[in-house]
There are 2 protein chains.
Amino acid sequence: MAPENMLAIGALARATGTKVETIRWYERVGLLPHPARSAGNYRSYGAAHLARLSFIRRARDLGFSLEQIRALLGLAEQRDQPCEAVDAIARTHLEEVERKIADLQALQRELASLVHRCRHGKVAECGIVEALSPRPDMGAAAG
Amino acid sequence: MAPENMLAIGALARATGTKVETIRWYERVGLLPHPARSAGNYRSYGAAHLARLSFIRRARDLGFSLEQIRALLGLAEQRDQPCEAVDAIARTHLEEVERKIADLQALQRELASLVHRCRHGKVAECGIVEALSPRPDMGAAAG
DNA sequence: GATAGGGCCTGTAGCCGCTACAGGGTCAAG
DNA sequence: CTTGACCCTGTAGCGGCTACAGGCCCTATC
């Protein structure tokens with residue numbers, strides 16, 4: 001009955017490097033269409049599913065969100081439309097990655113200077129703890 | 001009854017740049033001790049809470065997880081212990097940030113090359129979509 | 001035919017660190 | 001006495017999975 005080129009979920013998982021639960025998750029959230037079912041109610045995937053899941057995996061590896069991927073998949077099907085929107089999603093994501101890098105680099109500098117402050121003595125005189133604790137606020141005093 | 005230097009949750013929120021809900025959340029997960037309550041069951045915070053929440057905020061701004069902050073707070077109280085463990089947490093976090101930067105930079109290069117592939121024509125010939133789609137796997141063919 | 005073991009099914013809860021309600025009570029000013 | 005800002009509790013949601021529990025199915029072996 002079932003053609004040879006159909007895949008059970010485990011086989012699809014191995015073929016794409018995705019966990020079985022993740023595949024079911026993608027189905028639940030509508031990224032992967034519901035597959036056909038075997039006599040025993042097993043999911044049965046064909047080449048289209050494999051291609052689509054591979055696309056999703058690649059995009060996830062590149063850090064696109066599921067929402068972005070949903071949009072990309074939709075756009076990829078409009079093959080004679082201009083690809084501006086595709087480009088825009090990719091550029092937006094690239095910019096976000098670049099912003100994150102800049103943020104993390106600022107963090108890295110702060111953390112490096114924090115770590116540098118440790119004088120390897122008691123906690124009481126540890127520059128790290130000092131740097132995290134609020135300053136005694138010299139000058140203004142209550143009461 | 002309530003001393004002047006006690007703060008309601010909103011005042012503490014303003015003083016530390018934290019949202020009210022976040023303060024309650026920190027209390028729930030045990031990062032902030034339960035404060036005293038006013039006659040009308042309002043939370044009432046003193047200087048110790050202010051200092052502790054400021055510490056938490058700073059550490060959060062530096063990207064420490066709540067678990068790490070919990071550990072840091074615990075260690076910060078053992079003032080005559082060696083500060084090795086404090087240093088270790090900070091170093092671990094710094095290393096993780098550095099790993100994330102490296103990962104994102106690799107991503108950035110991939111995304112830049114992806115974006116570069118767009119030829120601004122139809123989706124059908126878009127290099128971005130091509131790069132995300134599985135290759136036709138020339139050579140091996142089923143059946 | 002019985003059984004062992006893998007794989008598959010559904011449904012639900014958990015992770016992190018909040019955030020956002022709903023549906024009330026409290027309090028100070030006018 | 002009313003307004004309106006503040007506060008309370010409790011619960012659900014975000015993204016993107018992951019990890020169960022408690023079952024069914026399918027194949028291989030005896």
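By convention in this document, chain letters (A, B, ...) are assigned in the order of the sequence lines, proteins followed by strands, and residues within each chain are numbered from 1. Just so it is clear, the model here is predicted, and its values are computed rather than measured.
A 4.5 Å side-chain heavy-atom check between B:Asp80 and A:Val123 finds every atom pair outside the cut-off. Using a 4.5 Å heavy-atom threshold, the side chains of A:Leu111 and B:Phe64 count as touching. Within the 4.5 Å cutoff, the side chain of B:Glu98 has heavy atoms near those of the B:Leu94 side chain. Using a 4.5 Å heavy-atom cutoff, the side chains of A:Ile69 and A:Leu73 are in contact. Here the side chains of A:Tyr45 and A:Leu50 are not in contact, with every heavy-atom distance at 4.5 Å or above.
The existence of a salt bridge linking B:Arg79 and A:Glu125 is excluded, since no basic side-chain nitrogen approaches an acidic carboxylate oxygen closer than 4.0 Å. For A:Glu130 and A:Arg119, the salt-bridge test passes: some basic side-chain N is under 4.0 Å from an acidic carboxylate O. Ionic pairing of A:Glu95 and A:Lys100 is not present here: no N-O contact between side-chain nitrogen and carboxylate oxygen is shorter than 4.0 angstrom.
Base contact: A:Arg24 has a heavy atom under 4.0 Å from a base atom. Among the heavy atoms of the strands lying under 4.0 Å from B:Arg60 are primed sugar atoms or P, OP1, OP2 only; no base atom is included.
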Review point. Given the rule in the salt bridge (Lys or Arg N to Asp or Glu O under 4.0 Å) test, do B:Glu67 and B:Arg70 qualify, once you have shown the distances and angles that lead to the verdict?
Key: CA-CA 5 Å; B:Glu67 267 323 295; B:Arg70 203 189 300 280; 3.0 Å; yes
message: For a salt bridge (Lys or Arg N to Asp or Glu O under 4.0 Å) check, start with the C-alpha distance between B:Arg91 and B:Glu84, then their side-chain angles and the critical distance, and finish with the verdict.
response: CA-CA 10 Å; B:Arg91 278 177 198 280; B:Glu84 283 177 43; over 6 Å; no
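Residue B:Arg43 places none of its side-chain N or O atoms closer than 4.0 Å to OP1 or OP2 of D:dC7. Residue B:Thr22 places at least one side-chain N or O closer than 4.0 Å to OP1 or OP2 of C:dT19. A sub-4.0 Å separation between OP1 or OP2 of D:dG16 and a side-chain N or O of A:Tyr26 is absent.
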The contact string for nucleotides 24-30 of chain C, one letter per nucleotide 5' to 3', using protein heavy atoms under 4.0 Å with B, S and - for base, sugar-phosphate only and none, comes out as -BBS---
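Remark: side-chain polar atoms of B:Gln68 are paired, donor with acceptor, to backbone N or O of B:Ser65 under 3.5 angstrom. Listed for the B:Arg57 side chain is no donor-acceptor partner under 3.5 Å among the backbone atoms of B:Asp61.
Residues from residues 50-59 of chain B placing a heavy atom under 4.0 Å of any atom in DNA chain D do not occur. DNA chain C lies under 4.0 Å from at least one heavy atom of each of the following residues of residues 64-77 of chain B: B:Ser65, B:Leu66.
For A:Met6 and C:dC8, the CE to P distance is 14 Å, given to the nearest whole Å. The interatomic distance linking A:Lys19 (NZ) with C:dG7 (P) rounds to 15 Å, in whole Å. Counting to the nearest Å, the C1' atom of D:dC17 and the CG atom of A:Leu32 are 14 Å from each other. Taking atom CZ of A:Arg37 as the reference point, atom P of C:dC9 lies 6 Å away to the nearest angstrom. If you take CD of B:Glu21 and C1' of C:dG17, they are 13 Å apart, rounded to a whole angstrom. Residue B:Trp25 contributes atom CH2, which lies 14 Å from atom P of D:dG10 at whole-angstrom precision. Between the P atom of D:dG16 and the CG atom of A:Leu62 lies a distance of 14 Å, rounded to the nearest Å. In this entry the distance linking CD1 of B:Ile23 with P of C:dG17 reads 17 Å, nearest Å.
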